[in-house]
Amino acid sequence: MKVLILQARYLSLSVSLYNKAGPSLSAPNAISPSFLSLPSLSKLKQNTMAACIGASRTAITEPNPLSCDPNRSQIEDQTYNYVKFCRPSCADRVSYVPFCPDRSKTVDEVDLWRNMQEEARYDVEQEPVLSNYYYNSILSQVSLERALANHLSMKLSNSSLPIGTLFDVFQGVVVEDKEIMMAVMDDLRAVKERDPACVSYVHCFLNFKGFLACQAHRVAHKLWSQGRKVLALLIQNRVSEVFAVDIHPGAKIGRGILFDHATGVVIGETAVIGNDVSILHNVTLGGTGKACGDRHPKIGDGVLIGAGTCILGNIRIGDGAKIGAGSVVLKDVPARTTAVGNPARLIGGKDNPIKLDKIPSLTMDHTSHISEWSDYVI
């Protein structure tokens with residue numbers, strides 16, 4: 001009898017403490033208690049007092065189509081009842097307001113982070129074998145900043161460069177510089193909106209090396225700007241070795257960037273890339289080999305650069321311009337025009353080039369006006 005009384009008091013105290021701690025557990029960065037303690041909740045559901053923790057026990061529990069097990073209880077099924085997020089349609093891509101408008105960091109980051117966590121839980125439901133990977137990378141992290149620092153340090157560490165050291169470096173920078181996290185979120189949205197191969201935010205965050213290389217560069221650039229050039233160059237080297245993307249830490253890169261595939265991208269020290277730019281693989285933003293000082297290209301907002309393109313020298317690619325795949329660009333390209341070829345020429349001619357009516361980096365259209373410059377048919 002004494003044992004039963006003690007157990008009843010213990011359960012009553014546990015529920016009381018849980019209710020008092022409720023607001024802190026519901027904070028955006030807190031880990032859901034239902035995810036971490038399913039066994040304990042399963043035991044508590046046998047007691048009527050557990051109704052304070054879960055949904056009402058009077059409700060009829062119906063099988064959920066997203067559940068791993070149709071026979072789960074309602075509390076256990078809460079872990080798997082998530083909404084699958086869908087990509088926007090192709091027609092919607094051109095309707096987004098370009099050039100990164102100012103956003104409320106707090107609301108946006110919380111919402112995006114919650115979306116990523118729900119996507120991660122849904123992926124775990126589909127592939128339980130990845131549960132530890134998703135838990136360590138996303139579900140156990142309390143914020144997007146920590147998740148990014150953890151994931152980059154895991155990717156870039158080696159036997160002589162421990163994970164802990166890199167984690168401290170990355171977290172210190174992203175927590176201190178809020179603009180970096182704003183750019184990270186814009187980059188995540190850019191990839192999901194423009195790349196048909198991207199099925200979710202968490203998919204981009206974990207698997208797209210172009211996105212990861214860009215975020216590692218943002219940290220390296222901050223260190224470079226602070227005079228910590230040795231550490232910045234080390235990060236550049238590791239990114240080049242791991243992701244096959246070589247971006248000098250001195251290069252300046254805007255927000256809403258898509259490095260599609262990214263393999264073989266090379267960007268020089270004095271290059272500048274604007275906002276909402278899309279760059280495909282094997283693109284070089286380099287020097288001519290004989291100039292010193294400011295010697296690399298300046299890429300405007302909304303520019304699309306096709307695969308295998310070389311843009312050389314301190315030249316400017318105007319806002320909303322498009323560079324065709326395989327082009328070699330050695331002179332300025334006016335805004336909202338298309339340049340293609342080796343050496344690159346303007347579609348429509350130098351005196352009266354055809355003006356683009358949509359932002360090419362958002363539409364990702366590589367073949368518009370092809371009849372204006374080519375009659376080649378296979």
Side-chain angles (χ1 to χ4, degrees), residues 28 85 87-88 92-117 119 138 143-149 151-152 170 173-222 225 239 243 245 247 251-262 265 267 271-280 283 285 298-305 319-320 358-364:
F85 291 86
R87 298 179 30 76
D92 291 337
R93 289 186 214 153
V94 297
S95 65
Y96 293 105
V97 178
F99 308 145
C100 298
D102 292 333
R103 299 187 177 100
S104 171
K105 183 263 181 188
T106 303
V107 174
D108 274 10
E109 184 171 349
V110 169
D111 289 346
L112 183 58
W113 178 236
R114 284 175 176 170
N115 285 351
M116 290 175 59
Q117 288 184 311
E119 291 170 346
I138 301 294
S143 66
L144 182 58
E145 291 94 334
R146 283 187 63 90
L148 180 63
H151 196 50
L152 287 177
F170 285 124
V173 172
V174 298
V175 169
E176 174 189 344
D177 192 336
K178 300 303 180 184
E179 287 298 315
I180 289 182
M181 291 311 301
M182 294 293 289
V184 170
M185 292 186 289
D186 284 332
D187 292 348
L188 277 169
R189 294 187 186 94
V191 178
K192 189 169 183 290
E193 291 167 6
R194 301 177 210 165
D195 188 350
C198 182
V199 297
S200 65
Y201 292 117
V202 76
H203 179 221
C204 169
F205 183 88
L206 294 177
N207 302 322
F208 278 39
K209 69 176 186 177
F211 168 80
L212 294 173
C214 187
Q215 309 326 313
H217 166 76
R218 296 190 188 283
V219 174
H221 178 71
K222 181 67 175 181
S225 303
V239 170
F243 300 131
V245 177
I247 308 175
K252 299 177 181 179
I253 297 180
R255 291 157 51 172
I257 304 300
L258 167 61
F259 287 133
D260 196 359
H261 301 293
V265 169
I267 299 175
V272 177
I273 299 175
N275 298 322
D276 294 300
V277 173
S278 295
I279 298 177
L280 275 78
V283 166
L285 306 181
K298 311 299 181 282
I299 310 299
D301 295 338
V303 171
L304 171 62
I305 303 177
D319 294 346
K358 295 180 180 178
I359 302 171
S361 68
L362 303 186
T363 64
M364 297 296 289

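Just so you know, these numbers use all the heavy atoms, side chains as well, and skip hydrogens, waters and symmetry mates. Model, not experiment: these values are computed from the prediction.
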### Query
Within the distance-only criterion (no hydrogens, no angle test), does the side chain of Glu119 pair as donor or acceptor with the backbone N or O of His203 below 3.5 angstrom?
no

### Message
Any side-chain to backbone donor/acceptor pair from His221 onto Lys252? Under 3.5 Å, distance only.
### Response
no

### Query
Checking His217 side chain against Ala251 main chain: does a donor-acceptor pair fall under 3.5 Å?
yes

### Query
Short question: side chain of His151, backbone of Leu206 - any donor-acceptor pair under 3.5 Å?
yes

### Query
Which value, rounded to the nearest 0.5 Å, describes the distance between Leu144 atom CG and Leu112 atom CG?
6.5 Å

### Query
Are Leu285 and Ile273 close enough that some pair of their side-chain heavy atoms sits under 4.5 Å apart?
yes

### Query
Is the backbone N or O of Ser361 less than 3.5 Å from a side-chain atom of Ser278, with the two atoms forming a donor-acceptor pair by type?
yes

### Distance-minimising heavy-atom pair for Val277 and Gly302
CG2-N, 4.2 Å

### Query
Taking all atoms of both residues into account, what is the closest heavy-atom pair of Arg255 and Asn275, and its distance?
N-OD1, 2.8 Å

### Task
List the steps and the verdict of side-chain contact (heavy atoms from CB on, under 4.5 Å) for Asp276 and Ile359.
CA-CA 9 Å; Asp276 294 300; Ile359 302 171; 5.9 Å; no

#### Entry: CA sep, side-chain torsions, deciding dist, call: Ile247, Val239, side-chain contact (heavy atoms from CB on, under 4.5 Å)
CA-CA 8 Å; Ile247 308 175; Val239 170; over 6 Å; no

### Message
Distance alone, cut at 3.5 Å: any donor-acceptor contact between the side chains of Gln215 and Arg218?
### Response
yes

### Query
In chain order, what residues pass the side chain to side chain contact (heavy atoms under 4.5 Å, CB included) check against Ala190, with sequence neighbours excluded?
Arg194

### Query
Looking only at atom types and distance, does a side-chain atom of Asp319 sit under 3.5 Å from a main-chain N or O of Asp301, one as donor and one as acceptor?
yes

### Query
To the nearest 0.5 Å, how far apart are CG in Leu362 and CG in Leu304?
9.5 Å

### Query
With a 4.5 Å heavy-atom cut-off, do Val283 and Phe259 have their side chains touching?
no

### Query
Are any of the side-chain heavy atoms of Met116 and Leu188 separated by less than 4.5 Å?
yes

### Message
Restricting to non-hydrogen atoms, name the atom on Leu280 and the atom on Met364 that form the minimum distance, rounded to 0.1 Å.
### Response
CD1-CE, 4.2 Å

### Task
Would you indicate whether the side-chain heavy atoms of Leu148 and Val184 approach each other to under 4.5 Å?
yes

## Note on the structure
Rounding to 0.5 Å, atoms CZ (Phe211) and CD1 (Ile257) come to a distance of 12.0 Å

#### Entry: Note, Phe170 side chain near Glu145 side chain (heavy atom, < 4.5 Å)
no

### Query
So how far is it from Asp187 CG to Leu258 CG, rounded to the nearest 0.5 Å?
9.0 Å

